[in-house]
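Lettering of chains follows the sequences in order, A, B, ..., and the numbering in each one begins at 1.
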Number of protein chains: 2
Amino acid sequence: MSSIDRRQREKNETQDKILAAARDLFLNHGFDAVSMRKIAEAIEYTPAALYVHFKDKVELMRELCRRDFAAMDAEILTLATIADPVRRMHEAGRIFIRFGTQHKNQYRLMFMTPHPRDILPTEEDLAEMRDPDQNGYAFMCKAVGDAVAQGRLRPEFGEIHATVQTLWAATHGVVALEITHSDDPWVPIRALAIRGELTLSMTLRGMIRATDPYHAELERIGASLADETARQPQGSSCPIGSMLSKAMNLIRPANKGDSK
Amino acid sequence: MSSIDRRQREKNETQDKILAAARDLFLNHGFDAVSMRKIAEAIEYTPAALYVHFKDKVELMRELCRRDFAAMDAEILTLATIADPVRRMHEAGRIFIRFGTQHKNQYRLMFMTPHPRDILPTEEDLAEMRDPDQNGYAFMCKAVGDAVAQGRLRPEFGEIHATVQTLWAATHGVVALEITHSDDPWVPIRALAIRGELTLSMTLRGMIRATDPYHAELERIGASLADETARQPQGSSCPIGSMLSKAMNLIRPANKGDSK
DNA sequence: ATCGGTCAGTGAACAGTGTTAGTTTACCAT
DNA sequence: ATGGTAAACTAACACTGTTCACTGACCGAT
């Protein structure tokens, strides 16, 4: 039985080789600009060989996404130790923004491209999606659920999915704006770190009740941001504030150089 | 001189014919699925003829965008009569969300696709972009500027561009989520109207000072939303609340049937 | 009335794409 | 040694966006 095991292992190895080459090319040139032929050439294979391992180009990219977003989920799941559900939501938002802006091409495919409607989740998929110990979305649902149970949120945020999706939309907007407009000469886009922190603190302030103790934390962040933005020029350019980059961990310990 | 005028008029007419066909096809099948050949076929021209009128496929789509977004700007600019700058921001957000979700393909190209970095705005362009009577972004800058001048916003929202972009990101997130995930079987996306209203009221509440009179209005909206979301199932499906659809004018007086 | 120029529209092609039959080749259990 | 399995290759298909030399209708000027 060891030979068929080895066969499988070898297959996985070339699969990984394909994925590595594809990731590198997609990251540097973008999904559309990279053809199957170029990926094949990079690993000295024939284009047709790729179709032995992946149904088509999209499926190949999707596998890259699955892996990177599993990594994001893993990172978000480490926040489970944070007792305060509101703070948990806050930190998860930070991770989401950072991850999205560091994996622009994968993010694009996952959240900025319509998914094929004909791939239905299996029962198993749904079970995993509902498990807050496995899935990022479920994790957020649990955080929101905890916050609701503790009476921390305003009444209109009592419906969990709507609330998670509102938080999601806000952070997604920050990432998407960065991806598509960060170097747009038509609009003076402000530093990601500032926009991210402004959005997150604003979002949470808008969600929690007026009496919530977390307002103290938001007030603190607001004060730093006020300092920071006051230093910004009213014109067009805008360097990244060092304090904020640190706050958002935008400079990370050289994670495989994965940022475009 | 009338003959060259007529020449010009005829050229504009076929240009419009091309645009009309392209809009129709893009709307029904999406940008990528529509080839230049199909557009040409629809108006019984040769593919090469399109290149007499438009530099390339993207430029064609961009012209569609220009026109539709001029319409959105026009609609937003009618809000200039609203005295309260905070309410002006609120209503502009509503228009943005409605417009984005009603012109999904154009929205995609404008806000979800990287723009070519080599098209630099002329002095004239920049002048128009800074004029709140012509440009939607400038209009928002003025609204925020007014709000700041009146001391309505929290101190961290004193930098105008960062504030506009935060508002922009939040509304953009709502639209983008709708476009890419509204019929995703993996996530029970809530009705656009609810997510939009939740996001807008949350956003403004997070921006204005604790003492601001607009809190009363937000409180009112929050109460309706609390009613509405309380009626939602905790599970997956979610019909549109009639009251909210009206609030967001989601059903409009049959605007050329432009929604995909 | 004829010339010359302008220019919208054409026909045919180019270089590239994603993808797929049909075939070869290397390996393994028998 | 033989037959089966499957990864990888060859060659093609149908399509894409785009270009370029060209026609042919129209125009103002001679």
Asks: Please report, rounded to the nearest Å, how far the P atom of C:dT17 is from the NE2 atom of A:His29.
Replies: 13 Å
Asks: To the nearest Å, give me how far apart CZ (B:Phe54) and C1' (D:dG17) are.
Replies: 16 Å
Asks: Round to a whole Å and report the spacing from CD of B:Gln15 to C1' of C:dC7.
Replies: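 After rounding, the reported distance stands at 14 Å.
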Asks: In whole angstrom, give the distance that lies between atom CD of B:Glu59 and atom P of D:dT18.
Replies: 11 Å
Asks: Applying a 4.0 Å non-hydrogen cut-off, can you work out what B:Ala48 is touching in the nucleic acid: base, sugar-phosphate, or nothing?
Replies: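 Contact class for B:Ala48: base.
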Asks: Within less than 4.0 Å of OP1 or OP2 of C:dT19, is there a side-chain N or O belonging to A:Lys57?
Replies: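 No, outside the criterion.
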Asks: Taking atom P of C:dT17 as reference, at what distance in whole Å does atom CD1 of A:Ile39 sit?
Replies: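 Value for this atom pair: 11 Å.
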Asks: Quick one, A:Leu27 and A:Lys104 - any side-chain contact, counting heavy atoms below 4.5 Å?
Replies: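 No, side chains not in contact.
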Asks: Taking atom types as modelled, find out whether B:Glu128 and B:Asn135 have a side-chain donor-acceptor pair closer than 3.5 angstrom.
Replies: no
Asks: On DNA chain D, compare the nucleotides closest to A:Arg37 and A:His53; which residue's is nearer the 5' end?
Replies: A:His53
Asks: Can you measure B:Asp32 atom CG to C:dT17 atom P for me and round it to whole angstrom units?
Replies: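 These atoms are roughly 16 Å apart.
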Asks: Is the shortest side-chain N/O distance from A:Tyr45 to OP1 or OP2 of D:dA8 below 4.0 Å?
Replies: yes
Asks: Can you find a heavy atom in the side chain of B:Val174 that is under 4.5 Å from one in the side chain of A:Gln165?
Replies: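 No. Closest side-chain heavy atoms not under 4.5 Å.
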Asks: Think B:Thr46 has a side-chain N or O under 4.0 angstrom from the OP1 or OP2 of C:dG9?
Replies: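 So the side-chain polar atoms of B:Thr46 never come under 4.0 Å of the phosphate oxygens OP1 or OP2 of C:dG9.
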Asks: Expressed in angstrom and rounded to an integer, what is the separation of B:Ile18 atom CD1 from C:dA8 atom P?
Replies: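 Interatomic distance, CD1 of B:Ile18 to P of C:dA8: 11 Å.
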Asks: Among D:dC9, D:dG17, C:dT17, which nucleotide has an atom closest to any side-chain atom of A:Lys38?
Replies: C:dT17
Asks: Output the rounded distance in Å from OH (B:Tyr51) to P (C:dG9).
Replies: 16 Å
Asks: Classify the ring geometry of A:Phe31 against A:Phe26: parallel below 30°, tilted from 30° to 60°, perpendicular beyond 60°.
Replies: tilted
Asks: Quick one: which of A:Phe69, A:Phe139, A:Tyr137, A:Tyr107 gives a ring-ring contact (aromatic ring centres under 6.0 Å, His included) with A:Phe96?
Replies: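 Considering A:Phe69, A:Phe139, A:Tyr137, A:Tyr107, a ring-ring contact (aromatic ring centres under 6.0 Å, His included) with A:Phe96 is found only for A:Tyr107.
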